[in-house]
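The structure displayed is predicted, hence computed values, not measured ones. Proteins come first, then strands; the chains are lettered A, B, ... in the order of their sequence lines, and each starts at number 1.
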There are 2 protein chains.
Amino acid sequence: MRRKQAEPAEFEGQADPALQGPLQQYVGYALRRAQLAVFQDVIATLADVDLRPAQFSVLILVDANPGIVQSHASASLGIQKANFVPLLTELERRGLIDRVAVDGRTNGLFLTRKGRATLKRANALHTVHHARVDAIIGTENREQLIEICLKLAELAR
Amino acid sequence: MRRKQAEPAEFEGQADPALQGPLQQYVGYALRRAQLAVFQDVIATLADVDLRPAQFSVLILVDANPGIVQSHASASLGIQKANFVPLLTELERRGLIDRVAVDGRTNGLFLTRKGRATLKRANALHTVHHARVDAIIGTENREQLIEICLKLAELAR
DNA sequence: CAAGAATGTTATGCTGTATAATTCTTTCGG
DNA sequence: CCGAAAGAATTATACAGCATAACATTCTTG
């Protein structure tokens, strides 16, 4: 006797079931798909400077806040301090940032000359991505998206 | 001689540097923070039914598309088919879904009675989360957010 | 000065995700 | 009909992201 069988659900020529069904109404699902797509594009865009999004964000933050302390920086970025250590170690190894002792237990973070140059290149590349995003959703929608996302981030506290 | 030192950057009473600086303008960063916050809330909300977001999404998809084939389901959810296997195995082990052979190499997916009951409970719980989101950003913004996210997801293709 | 808090670090595990290779089955062209 | 190719599910594996606990050192404060 054969195993129990079933007629397969057919979707030939139809739209993607997940983009049709109830999942489309879920904020979390939409955010996840969008975030993955955007990150993928950013990663590809920044490949030339060999920067992952997290690394890029550190450079941006340190550039805007020279001397920021490790614990402040990691908290501000929503990264556990424990996970922040190898991140910084790698950036320091590549000569992009400096950890400068403020006192015996505290490090201030600074971009090196090379770090600033790399960030400049990264920002130039990022402009391409930015333009791609704007081409898809429009400048107005992008600004509104960010505003809504900032509000949603409040959920985490 | 002491180690090189630096004055620490001060932020007493000031707003979070990452929420002030250039990072705030980046779509990817905003999406990531929002997605993490929303997922965290969903995870906490669905803890009572012991469903992770990915598991929840599978139940929703299968419920809306009974008999959907594994490969279609995984592709539709943006999950690698290899990673989809243990996900389904766990849901099957818990008696929430059935893998029914369509032919020797293909499985159709169905919710069990228990699976439908669990999904019903999960959806009820999710309503609470949904209300929390709406309370923060408003219904109109939620709908617009989803629309924008769907467009952004196109970046991944 | 002693107790406690702060900072950075190490170690560790879990989850999610990506890729390659394998097995088994079905389809299809000659 | 039969062998080759393609399809579906699975296994194995590796890596990045994220969380927690424990720890060493240093600073602060009563």
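- Note that the first and last nucleotides of DNA chain D, 5' to 3', having any atom under 4.0 angstrom from a heavy atom of chain A are D:dA16 to D:dT28.
- Using a 4.0 Å heavy-atom cutoff across all strands shown, B:Q80 reaches at least one base atom of the nucleic acid.
- Looking only at side-chain heavy atoms (C-beta outward), B:H72 and B:N65 stay at 4.5 Å or farther from each other.
- No side-chain donor from either of A:R32 and B:S57 sits under 3.5 Å from a side-chain acceptor of the other.
- Contact annotation: A:Q70 does not reach the phosphate of C:dA6 (side-chain N/O to OP1 or OP2, under 4.0 Å).
- The closest side-chain donor-acceptor pair between A:T112 and A:D98, if any, does not fall under 3.5 angstrom.
- Within the 3.5 Å criterion, the main-chain N or O of A:L46 finds no donor-acceptor partner in the side chain of A:R52.
- Contact check on B:R93 versus B:E90 returns a salt bridge, with a Lys/Arg side-chain nitrogen under 4.0 Å from an Asp/Glu carboxylate oxygen.
- When each of C:dA5, C:dT17, C:dG16 is scored by its nearest atom to the side-chain atoms of A:R105, the top-ranked nucleotide is C:dA5.
- Here A:R99 does not reach the OP1 or OP2 of C:dT7: none of its side-chain N or O atoms lies under 4.0 Å away.
- The stretch residues 81-91 of chain B comes close to DNA chain C through B:A82, B:N83, each having a heavy atom under 4.0 Å from the strand.
- The phosphate of C:dG8 has OP1 or OP2 within less than 4.0 Å of a side-chain N or O from A:S71.
- Between the side chain of A:R33 and the backbone N or O of B:L77, at least one donor-acceptor pair lies under 3.5 Å.
- When side chains are defined from C-beta on, B:L119 counts as touching B:F56, because their heavy atoms get closer than 4.5 Å.
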